[in-house]
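Note that ligands are numbered from 1 as they come in the structure, with each ligand's atoms numbered from 1 the same way. Since the model is a prediction, treat every value here as computed from it, not as a measurement. Position 1 is the first residue of the sequence, and the numbers go up from there.
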Amino acid sequence: MGKLKIHGGHTLEGSLQVQGAKNSVLPILAAAILVRGESLLQNCPDLKDVDAALSILRYLGCTVTRTGSDVHIDSTTLTRHDVPDELMREMRSSVIFLGAILGRTGEATLSLPGGCELGPRPIDLHLEALRTLGATLEEVGGNIVCRANQLVGAPIYLTSPSVGATENAMLAAVLAHGETVITNAAREPEIVDLQNFLVAAGAEISGAGTPTITIQGGREMRPVAYRIMPDRIVAATYLSAVALTGGRLELRDIVPEHFETVIHALRIAGCEITLHGQDLTLTSTGRLEAISPPVMTRPYPGFPTDAQPCLVAASVKSKGTTVFIENIFQNRYRYVEELCRMGADIKLEGRVAVVTGVDRLVGTSVSATDLRGGAALVVAALGAEGETLISEVDHIDRGYDDIAATLRTLGADIVYIES
Ligand code: UD1
């Protein structure tokens, strides 16, 4: 597994086109199963998780080709309805294939996802939604086997607004007979992107972005060319990096409404942020103010849990104390121990992290604990004195399309070392 070597302390400056959104492209790749014919997805980021999703599609019998950021998927030749354990293990979000495979073939077999680095990641809401649409579920030797000759639309109430369960329910409902209404649906922008793809392909869906999504199932799905929206968490990561190092960053072709809470927090921290349509410019002196009131992660439109680690990293040299409260995932603070090894002063108590600003961070050897925690270490290393060596960078490659090359265009001293 490779490492990232970062020599911190450089002011960053430049302009970036943010990559396509990982959390959009994964459910949309699953949605391509519902279309007979060749779909084209544009702006697909080059990520480990996308590679894993493409491997699953190929295993199922789809024809998949990739040229740069264009991915062509032809699911006409889909023959299988199972995803083997080794492919499931490559990406936790593979459960997103469940609803689409079931809808298309009448059967789906997936191994049950285990715990993950963010704590237990149950799929009860996904399964309950499929059961409501008429699927029978059976656990056989660590696999979940779902069957339904014909799914039938129904009202689905999600007891909490899970992103993945909302997507799985939408995907299963598209080929079901009749109407499905999902209540207490997740409202994340990625759900809207999924709806936009499905509608472009012929589905009749409305309401994504609100708590109620309505799907009239059984419409004919035709091949489509679709451009994946920009990644709001990657945007938040690079903004956090420049907030900490000081400098100026222009992000082009983004959707600022997708991460308003992050922009708001960075402004409170003293960054100057200007918006011009789909472009944003952040200027930072590198010496941030503490953020108040506490930053609390919440389902969209609240502050995104995925942006929490990078904002914590950006805050470690602030003047004063910033409090973070994590409401979505247990174990989301595993990276904090690594930040403290670099000199950060962060006290943890359950869901609460109290970050007291220090004068300096010092580079050392640290290990990425998970995707966004790994990105937070990159942010901190850019603002640290001396050299930081980050191991376990495979976690970071799951969600960032060549983070080292991207940051080098801003003037960072960062290289990927094969080990
Ligand atoms: C998605 C994102 C992830 C992000 C998260 C929250 C993808 C590929 N991943 O993950 O980056 O951090 O949304 O914005 O889009 N839960 C249950 N039962 C279920 C499903 C979820 O209890 O059946 C709980 C989870 O344990 C968690 C909470 O609900 O505490 C939110 O999870 P969910 O919204 O489902 O996140 P994911 O879809 O897994």
Side-chain angles (χ1 to χ4, degrees), residues 20-31 45 47-50 52-53 56 88 90-100 110 112-132 137 144 146 156-172 182 184-194 208 211 228-229 231-234 236-237 258-259 261-262 296-311 325-335 351 370-376 395-396 398-400:
K22 169 179 90 71
N23 290 352
S24 279
V25 75
L26 298 177
I28 292 176
L29 285 170
L47 308 174
K48 281 224 152 56
D49 273 9
V50 171
I56 290 175
M88 284 297 290
E90 276 184 35
M91 178 179 67
R92 263 185 329 279
S93 347
S94 335
V95 70
I96 202 61
F97 281 89
L98 193 56
L110 263 62
L112 286 167
C116 76
E117 64 265 15
L118 302 181
R121 213 146 173 180
I123 56 164
D124 53 316
L125 300 172
H126 301 240
L127 299 182
E128 192 49 41
L130 298 180
R131 207 180 273 124
T132 307
L137 308 177
I144 186 87
C146 304
I156 294 174
Y157 175 73
L158 295 176
T159 48
S160 80
S162 154
V163 174
T166 302
E167 292 164 345
N168 244 330
M170 288 166 77
L171 291 168
I182 307 170
N184 200 26
R187 297 163 61 186
E188 269 67 3
E190 291 76 14
I191 308 269
V192 180
D193 214 27
L194 175 62
I228 303 295
M229 71 176 206
D231 194 311
R232 62 196 170 107
I233 304 303
V234 169
T237 302
H258 287 176
F259 53 106
T261 47
V262 177
M296 291 195 223
T297 67
R298 297 255 184 243
Y300 192 84
F303 189 92
T305 174
D306 287 351
Q308 174 258 100
C310 287
L311 192 65
I325 304 176
E326 171 58 45
N327 291 306
I328 310 292
F329 288 113
Q330 297 173 23
N331 298 358
R332 185 108 236 197
Y333 289 130
R334 287 179 57 204
Y335 69 93
R351 297 182 297 137
D370 58 83
L371 166 57
R372 305 301 169 188
H395 288 299
I396 302 173
R398 283 186 40 224
Y400 292 85

Can you tell which part of [X] has a heavy atom less than 4.0 Å from ligand 1: side chain, backbone, both or neither?
X	result
Ile328	both
Asp306	side chain
Ser93	side chain
Tyr300	neither
Thr305	side chain
His126	both

Quick one: closest heavy-atom pair of Ala172 and Leu130, and the distance?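 In terms of heavy atoms, the two residues are closest at CB-CD2, 3.5 Å.
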Closest heavy-atom pair and its distance - Leu26, Ser93: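 So the minimum-distance heavy-atom pair works out to CD1-OG, 4.0 Å.
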Any salt bridge between Lys22 and Glu190, counting N to O under 4.0 Å?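 Salt bridge flag = no for Glu190 with Lys22.
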Judged by heavy atoms only, the candidate from Thr159, Asn23, Asp124 nearest atom 18 (N) of ligand 1 is Asp124
Nearest non-hydrogen contact with atom 33 (P) of ligand 1 belongs to which option: Val163, Leu125, Leu158?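 Going through Val163, Leu125, Leu158 one by one, Val163 has the nearest heavy atom to atom 33 (P) of ligand 1.
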Which of these, Asn327, Thr305, Asp370, sits in a side chain to side chain donor-acceptor pair (under 3.5 Å) with Arg332?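 Per the side chain to side chain donor-acceptor pair (under 3.5 Å) rule, the option paired with Arg332 is Thr305, out of Asn327, Thr305, Asp370.
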Under 4.5 Å between any side-chain heavy atoms of [X] and [Y], yes or no?
X	Y	answer
Pro45	Asp231	no
Thr261	Pro304	yes
Ile328	Pro299	yes

For Gly164 and ligand 1, does the shortest N/O to N/O distance drop below 3.5 Å? yes
Is the shortest distance from a heavy atom of Pro122 to ligand 1 less than 4.0 Å? yes
